[in-house]
Amino acid sequence: MSLPIRFLTGLTTGAGVGSNRARGTAEGRYAVEFDGIENMRASKISGLGEEHTPVRIPLGNSTRQEQVRGNTDADEFSFTLASGIHDTAIRQLWQWQRDYDAGIDASPRSGRVVVFDETGATPVETWELIDCVPRSIKGDDRTAEGTGGAMVTVMVKPYQVNLI
C-alpha cells in the first residue's frame, strides 16, 4: 500500500497553520554572527525581544492612573553552540569578554541571528542585535560518561533588537 503524496510531504494532519512544518522552521537551525567574530551555527537561542515599561501618572483623586510612553529594554540574548565545531569563534568570544572586562575594548558590537527553514538552506527570519556587550560565556557541565557534545553558552546584552 502506498501513501498519498500529501501524507509524505506533511501537508495533512499536524502541518496546519502555526505548526513548525507549515512555517518551515525547525530547532537547531540558527546562524549567529557578531562584528569581528567568526560566524557560528547555534543549537539553541533565547531572548530575542524587548520589553516596554510604561510610566503611570496619577490623575488627581482618581483610583486609576494614566499610562504614557516609558522605557524599553532589550532582553538578554543567549545562544549555545558546539565547542568542537566552533573553536575559533569561541576563542574570539572569550577574548571579547576579557577585553571588555579589562577595558581594552569596551566598544559594543552588533550582531545578527538568522533562523533557517527545516532544510537549513533558506532564511526565514533575521534578527538584528544592536550594540551588544558581553555578559557571560560558560562551558556546559561535562562528564566522562556523558554521550552529548561539549557545548558552550554565551550571553550578550543588546541595546536594541529588531526583526528585519
Query raised in the report: Counting N and O atoms only, with roles assigned by atom type, does the side chain of Glu38 sit under 3.5 Å from a partner on the main chain of His86, one being a donor and the other an acceptor?
Result: no
Query - Heavy-atom side-chain contact between Arg109 and Val156 under 4.5 Å - result: no
**Report entry** Closest non-hydrogen atom pair between Ala42 and Phe79, with its separation
**Finding:** CB-CB, 4.2 Å
Report task. Answer yes if the ring centres of Phe77 and Trp127 are under 6.0 angstrom apart, and no otherwise. Result -> no
Query - Same apolar cluster (I L V M F W Y, side chains within < 4.5 Å links), Tyr100/Met155 - result: no
Requested in this report: Please tell me if the side chains of Pro134 and Phe34 come closer than 4.5 Å, counting only heavy atoms from C-beta onward.
Outcome: no
Query raised in the report: Okay, side chain of Asp35, backbone of Ser110: is any donor-acceptor separation there less than 3.5 Å?
Result: yes
Query raised in the report: Do other residues, nucleotides or ligands put more than 12 heavy atoms under 6.0 Å from Asn71 CG?
Result: no
Query raised in the report: Hey, are the side chains of Asp75 and Val161 touching, using non-hydrogen atoms and a 4.5 Å cut-off?
Result: no
Query raised in the report: Do Arg41's NZ or CZ and the ring of Phe116 fall within the cation-pi criteria of under 6.0 Å and 45°?
Result: yes
Query - ILVMFWY cluster, Ile137 and Met40 together (side-chain gap under 4.5 Å) - result: yes
Requested in this report: Could you list the residues that satisfy side chain to side chain donor-acceptor pair (under 3.5 Å) with Asp99, not counting sequence neighbours?
Outcome: Gln95
Report summary line: Applying side chain to side chain donor-acceptor pair (under 3.5 Å) to Gln160 and not counting sequence neighbours gives Asn162
Query raised in the report: Quick one: do Ile45 and Leu81 end up in the same hydrophobic cluster if we chain Ile, Leu, Val, Met, Phe, Trp and Tyr together by side-chain heavy atoms under 4.5 Å apart?
Result: yes
**Report entry** Pro158 versus Ala74, closest heavy-atom pair with distance
**Finding:** O-CB, 3.3 Å
**Report entry** Any Glu51 side-chain heavy atom under 4.5 Å of Asp73 side chain
**Finding:** no
**Report entry** Rounded distance (nearest 0.5 Å) linking atom CD of Glu76 with atom OG of Ser78
**Finding:** 8.5 Å
Query - Verify same cluster id: Ile85, Ile90 (apolar side-chain graph, 4.5 Å) - result: no
Requested in this report: Spell out, yes or no, whether Val133 and Tyr159 are grouped together once hydrophobic residues are joined by side-chain heavy atoms under 4.5 Å, including indirect joins.
Outcome: no
Requested in this report: For the pair Ser43 (side chain) and Thr80 (backbone), establish whether a donor and an acceptor sit closer than 3.5 Å, ignoring hydrogens and angles.
Outcome: yes
**Report entry** pair Asn39-Arg112: side-chain heavy atoms closer than 4.5 Å
**Finding:** no
Query - Contact summary for Val124 and Asp117, nearest pair of heavy atoms - result: CG2-N, 3.4 Å
Query raised in the report: With sequence neighbours excluded, what pairs up with Ser107 under the side chain to side chain donor-acceptor pair (under 3.5 Å) test?
Result: Asp105
Report summary line: Paired with Thr126, the side-chain contact (heavy atoms from CB on, under 4.5 Å) test is passed by just one of Val113, Val115, Val114, Leu163, namely Val114
